[in-house]
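By convention in this document, chain letters (A, B, ...) are assigned in the order of the sequence lines, proteins followed by strands, and residues within each chain are numbered from 1. Source: prediction; values computed, not measured.
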Amino acid sequence: MFEPVRGQPDFPALEASIAAWWRERGTYQQSLERRRGAQRFVFFEGPPTANGMPHPGHCLTRTIKDLYPRYRTMRGQYCERKAGWDTHGLPVEVEVCKELGIHSKAEIEAYGVEPFIHKCQESVWRYMKEWETLTERIGFWIDLSKAYVTYHQSFVESVWWALAELFDKGLLYQGHKIVWWWAQGGTALSSGEVGQGYKEVADPSVFVAFPLLDAAGAPMNRSLVAWTTTPWTLPSNQFAAVKADLDYVVLREAGISEGPEYIVAEPLSAGLAEKLKKEFEIIERFPGSALVGRSYQPPFDTFRTPGRPEAAALVAGGSDAIAWRVVAADFVTTDSGTGIVHIAPAFGEVDYTVLVAEQARFAPGKGPTLINAVAPDGTFTDVFGMGSGRFVKECDRDITRDLRARGLLVHQEQYVHDYPFCWRADNDPLIQYPRQSWFIRTSQFREQMLANNARIDWLPEHIKDGRFGNFLESNVDWALSRERYWGTPLPIWVCEETGQAEAVRSYADLLAKPGMQGADVFTKAKAANPDLSDDLRVHKPYIDAVTYDSPFAKASRMRRVTEVIDCWFDSGAMPFAQWGWPHQGHAEFDAQFPADFISEAIDQTRGWFYSQLAISTLLFGDGGRPYPHPFKTCIVLGHMLGEDGQKMSKSKRNYREPAEIFDKFGADALRWFFLAGQAPWTSIRYSERAIKESIPEFLLRLWNVYSFFLIYARIDGFDPGAVLEEPGMLEHTDLARARGWRPVAARGELDRWMLSELNAVAAAMTVKMDAYDHFGAAHQLSTLVDAVSNWFVRRSRDRFWAAGKADGGPETNQEKLDAYWTLYETLITIAKLAAPFVPFTTEAIWRNLAGSSFGGKVAESVHLTDFPTGDAALVDHDLVRRMAVVRDVSSLGRAARAAEKLKVRQPLQKVEVILAEPRADDAAWLISHADLVCDELNVKQFEVCADPDRYITRQVLPDLKKLGPKLGKDLPKARDALAKADAAALLHALTVHGRAEVSLPGGGTAVVDKDDVLVRTTAKPGWAAAESGRAVVVIAKDLTPELIAEGLVREVVHVIQTQRKALDLDFTDRIELVFATESADLRTALEQHRHYIESETLAASVHFGTPPAGAEPHDIDGHPLAISITKS
RNA sequence: GCGCGCGUAGCUCAGUUGGUUAGAGCGCUACCCUGAUAAGGUAGAGGUCCCAAGUUCGAAUCUUGGCGCGCGCACCA
């Protein structure tokens, strides 16, 4: 027997008990066990950072990540779900620094790298509990106990293997490049990290005069005007660049013959004049090429000795000034500035290329060397005394002031632009800085990455060629190394003497190196502190202590480089590193690569999506592994925004903690909100109201049907377990074995209709879910539940309330039993269909409907059943269509009434329907359902109209979709012709001949087939009618005295029922009624229908007279009535 | 600046390869039900489909150009 349930379920409490039960029963493990050996569905968990709090956005990701594996498992696939945690990197270090109250690298070193690393490792798990709680609470089934962790030795060693592969192939190299440099943190950042830190800021924008030098090396009155937004780079100026084929002009303030002369690009001269609010005259004009080679005086003599420029020999013969000379460069544009570009090779990528090109012109060793007045910590060195020891950006003001004092500042203003800051310390501006750094040659694999990408199924599709494709197109080499502490150490050991390097693939390889020393540093530390994690042996500082004999030079040692790597490489390596492959885990890797499905939010395009694709393409691209890898399908989720449509942020408090949502509304409500609310890639606005509303919209509606079923099943003794010995999976064929079960064909029409809808929806949902369209599938499901609740249950009430039992005993009412079986099968099937979406609620329903009745004979969890794919044999398409017509007719009838202000309580004589597409059998079918329609619409009589022309006009319309291609430009004419034609004659011709000829206005004819036209039926004015595409419904609005009387009575009954409720009467309580009215009509009506009133209101007696004082006066359609109600 | 996405009812969003009367949920109004009941149901009102031009017999849908919002990119010296 089923357990009773509350009508008002407490979903959060229900979910908590289900979650506990899953844990206790190991239901997830069971679901895997059931599919062992089946075709795999491979899922990769993109590792969340274990060092931050989860927010509602993570709930979305985790819901999607749960949905498809659950679905595929129910569909028969084996889907292991291995959790993972991202544990390395800057976020962790920054957090630890905050805790220690320190910021700079020097402070970390002073604190000690060893204790710092320990702190990092401890800090990683700070929010672990929150994450695990969230994961379980939202119903994300994933194996947390076997989670991969990026700092674990096995993971690190896999990454080492990957890096060694790249190194051996020459794809991992050290380069001297201009990188985005986080000075306070002392490390370079990858383009991905830089991209996350752009902020709009106002920087000083200065126009600076670079006086040209005369032959003697003395500054002239004529200056180049250069523009920069980074004044602090001026002390390191090395060249000035112009565009050779661009026109330059010499400007002088009008009317001041001795005034200073400024050289700027001609197209920008007017702009400069405007800024300076001065009138200039052009005193000379020449192409940029005329300036090339000229020497100038740099703004600061940081690196220069004043006087005649120092020159050196060129490769091509002759000589040239080494620096502070005008060069030609193509990248000079007239978009902004002056057309003269200040070149400081230390602080700009293009600037650096100028230096490299210049160096090539000079004899080896004679050319310009890089000049740089800034130390790695972002402060000026002593060579620039004015700013020595101060952070460069803080010196902008002093530099500008100094330039002005020396008459070199032409103009100054504020310039608003986006500038990168450190993504983890967002008050630290990044600077471009020359640095030795390790790079992966990803740009060499651009084509392969694009080819791989082309085979991936992206959802939404535009990611492929849009955002992600573009990102790949503009690929630059991956700046891999970080001069930091908490990360995977770069496994490269360098010969002290020769500088030659080699990569190490595993810790064991390292220990086996000849002359290995230093491994004992960790052993000793461990002995002193037994709690020390063994995984730290492959981390700084311990790993740095390990050295070995150089194979490159005798008596020389190999020492590890100091860097760790970008933590994005860790996560990108997870497809193999999660198994420790290739050092171990071969079977797992072979079976679990590539992934069928991954999903993360859009911000991972440049993050995890890219790091995975890049690493996989570089490592496995040539290995004959067919693209795509390492993932085949990727759902890119939109970002979740706060309540105000802005980015979620803790400081704005525009969202709630997930735990709060779960406690208030429950996980299923949130899941349904995510899955059914919008396409997953639209950016979704956090809305407490919307989450709340997702409960009545789906969960509560389903629950109400379920609860309705339970109430009556218990009353009538319907218990499948008592009549079915082998329940199997409670599929249709299983239920067929039950005693008292009748084949669907033998059941009533409503039952056949319900099962048709059920199976049609199951089939449609399967198609959609296979195509990763859960949004569409959820819509189907929602419509189905609506059909059960609002049509099947409503129209079946009579059967459930009819006399007799449903227990298979002698009192059994077979039609009632049919209704139970139909509703039971429907609910059981819906539980399965909805299980991947709302796993908790469906589990509760399953455990009662299946578990309570069958005990251990049936799967104990809905998640251990097969997903219903729909039985086509049970779908009666004609019936589905016709039932839709009945529902439509009912709606139209109500609409017609509403238009005439004839409330449903007022009975009417007749309703007539005209079908737009007259199919003889549909009409007959409809007529046979007259009772149903009469009941729904409260009318006495229902007919399919015999004389439609009385009420409606028919119009023959072209089916544009079909005729358009046929007729082309003649279409409008044909449409006019059809509109003017005699519809009846036309229809006749079409019916008889299957085609008709219409003459077009302006000559010519067109032949239309029966299938080329549609018939629109329109109600004639003057009738109480409503129309849809399917039918016109006309109601008789004339009221007879009898009908009016009935209407009055129903009105009175309604008033009494409302009173009963107001009096808080139980629905079994009987009452005494006393009426008093001065209206003879009303009194007559009431007396006439006394019996009806008694039965409807459970009145033991009805009297007319003087009701006791306090009886409420009512107005019944204009008739006064006082009613007294007393409990018998 | 370049790129991607979005712009549809008061709100949140659907809208399939261009096709006739552009939909849903919520909210609102009216009504119904009162044996699922602090629920449930039905109907109605509400739309310059951001603007403009173009392609087409026909555009919410395709093209181009604007405007607005979000995001991404980065030689902005």
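- Residue A:N704 places its side chain closer to B:A39 than to any other of B:U34, B:A39, B:U42.
- Across B:C76, B:A36, B:A43, the shortest atom-to-atom separation from the side chain of A:V793 is found for B:A36.
- Residue A:R1050 is classed as a sugar-phosphate contact, given heavy-atom separations below 4.0 Å to backbone atoms only.
- Residue A:Y712 places no side-chain N or O under 4.0 Å from the OP1 or OP2 atom of B:G35.
- Within the 4.0 Å cut-off from OP1 or OP2 of B:G41, at least one side-chain nitrogen or oxygen of A:R701 is found.
- For A:H779, no side-chain nitrogen or oxygen approaches OP1 or OP2 of B:A14 to under 4.0 Å.
- A donor-acceptor pair under 3.5 Å is formed between the side chain of A:D477 and the backbone N or O of A:S443.
- Using Watson-Crick or G-U wobble geometry with both donor-acceptor distances under 3.5 Å, B:G18 finds no partner in any strand shown.
- In a base pair of the Watson-Crick type (N1 to N3 plus N6-O4 or O6-N4) or a G-U wobble (N1-O2 and O6-N3), with each distance short of 3.5 Å, B:C31 is matched with B:G41.
- Sequence order on RNA chain B of the closest nucleotides to A:H1054 and A:G339 puts A:H1054 first from the 5' end.
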A:W703 vs A:I845, side-chain contact (heavy atoms from CB on, under 4.5 Å): CA-CA, chis, key distance, verdict: CA-CA 8 Å; A:W703 192 268; A:I845 293 175; 4.3 Å; yes

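- Within the 4.0 angstrom heavy-atom criterion, only backbone atoms of the sugar-phosphate kind lie near A:G677; the bases stay farther away.
- Taking the C1' atom of each, B:G15 and B:G19 are spaced 14 Å apart, rounded to whole Å.
- Residue A:Y820 contributes atom OH, which lies 12 Å from atom C1' of B:A36 at whole-angstrom precision.
- Across all strands shown, A:S782 has no heavy atoms under 4.0 Å from either base or sugar-phosphate atoms.
- Between A:W227 and A:F207, the ring-plane angle classifies as tilted under the 30° and 60° cut-offs.
- To the nearest whole angstrom, the two C1' atoms, one in B:G65 and one in B:A77, are 31 Å apart.
- Phosphate proximity of B:A77 to A:T228: absent, as no side-chain N or O sits under 4.0 Å from OP1 or OP2.
- Comparing atom distances between the A:S789 side chain and each of B:G35, B:A77, B:A36 picks out B:A36 as nearest.
- For the C1' atom pair drawn from B:C26 and B:A9, the interatomic distance equals 12 Å after rounding to whole Å.
- The residue A:R797 sits close to a base: some heavy atom pair falls under 4.0 Å.
- In this structure, B:G54 and B:C62 make a Watson-Crick or G-U wobble pair, each of the two defining distances being under 3.5 angstrom.
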Apply side-chain contact (heavy atoms from CB on, under 4.5 Å) to the pair A:V208 and A:L224, showing each step before the final yes or no. CA-CA 8 Å; A:V208 185; A:L224 305 164; over 6 Å; no

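- Between B:G41 and B:C33, the distance separating the two P atoms is 15 Å to the nearest Å.
- The distance between atom CZ of A:F775 and atom P of B:G25, rounded to the nearest whole Å, is 13 Å.
- For B:G41, the OP1/OP2 oxygens have a side-chain nitrogen or oxygen of A:N790 closer than 4.0 Å.
- Here the nucleotide nearest the side chain of A:V705, chosen from B:G44, B:A77, B:A36, is B:A36.
- Comparing B:A14 with B:C49, their C1' atoms sit 13 Å apart, to the nearest whole Å.
- Surrounding NE2 of A:H779 are at most 12 heavy atoms belonging to other residues, nucleotides or ligands under 6.0 Å away.
- Closest to the A:F708 side chain, of the nucleotides B:U42, B:A77, B:A36, is B:A36.
- Both A:N470 and A:R794 lie close to RNA chain B; mapped to their nearest nucleotides by heavy-atom distance, the more 5′-ward contact belongs to A:N470.
- Among the protein residues, A:R467 comes within range of the nucleic acid bases, having at least one heavy atom under 4.0 Å from a base atom.
- Taking atom CD on A:Q678 and atom P on B:C11, their separation rounds to 17 Å, with Å as the unit.
- Classification of A:R894 and A:E936 as a salt-bridged pair holds, one side-chain N sitting under 4.0 Å from a carboxylate O.
- For B:G70, the paired nucleotide is B:C4, the pair qualifying as Watson-Crick or G-U wobble because both relevant distances are below 3.5 Å.
- Without hydrogens or angle criteria, A:N237 side chain to A:F239 main chain gives a donor-acceptor distance under 3.5 Å.
- Spacing between B:U21 and B:A39 at atom P, rounded to whole Å, works out to 40 Å.
- With P as the reference atom, B:U20 and B:U61 are 13 Å apart, rounded to whole Å.
- In this structure, A:W703 places its CH2 atom 16 Å from P of B:G40, rounding to the nearest Å.
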Might you work through the side-chain contact (heavy atoms from CB on, under 4.5 Å) test for A:Q780 and A:V767, ending with a clear yes or no? CA-CA 11 Å; A:Q780 294 273 335; A:V767 170; over 6 Å; no

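- Closest to the side chain of A:K903, out of B:G35, B:C31, B:C76, is B:C31.
- If you measure from atom CG of A:L827 to atom P of B:A36, you get 15 Å, rounded to the nearest angstrom.
- If you take CG of A:L699 and P of B:G40, they are 13 Å apart, rounded to a whole angstrom.
- Base pairing annotation: B:G23 forms a Watson-Crick or G-U wobble pair with B:C13, both donor-acceptor distances under 3.5 Å.
- Across the protein-nucleic acid pair, A:H462 atom NE2 and B:C4 atom P stand 11 Å apart, rounded to whole Å.
- As a whole-Å value, the separation of A:L472 CG from B:A74 P is 13 Å.
- Using atom P as the reference point in both B:U8 and B:G47, the two lie 15 Å apart (nearest Å).
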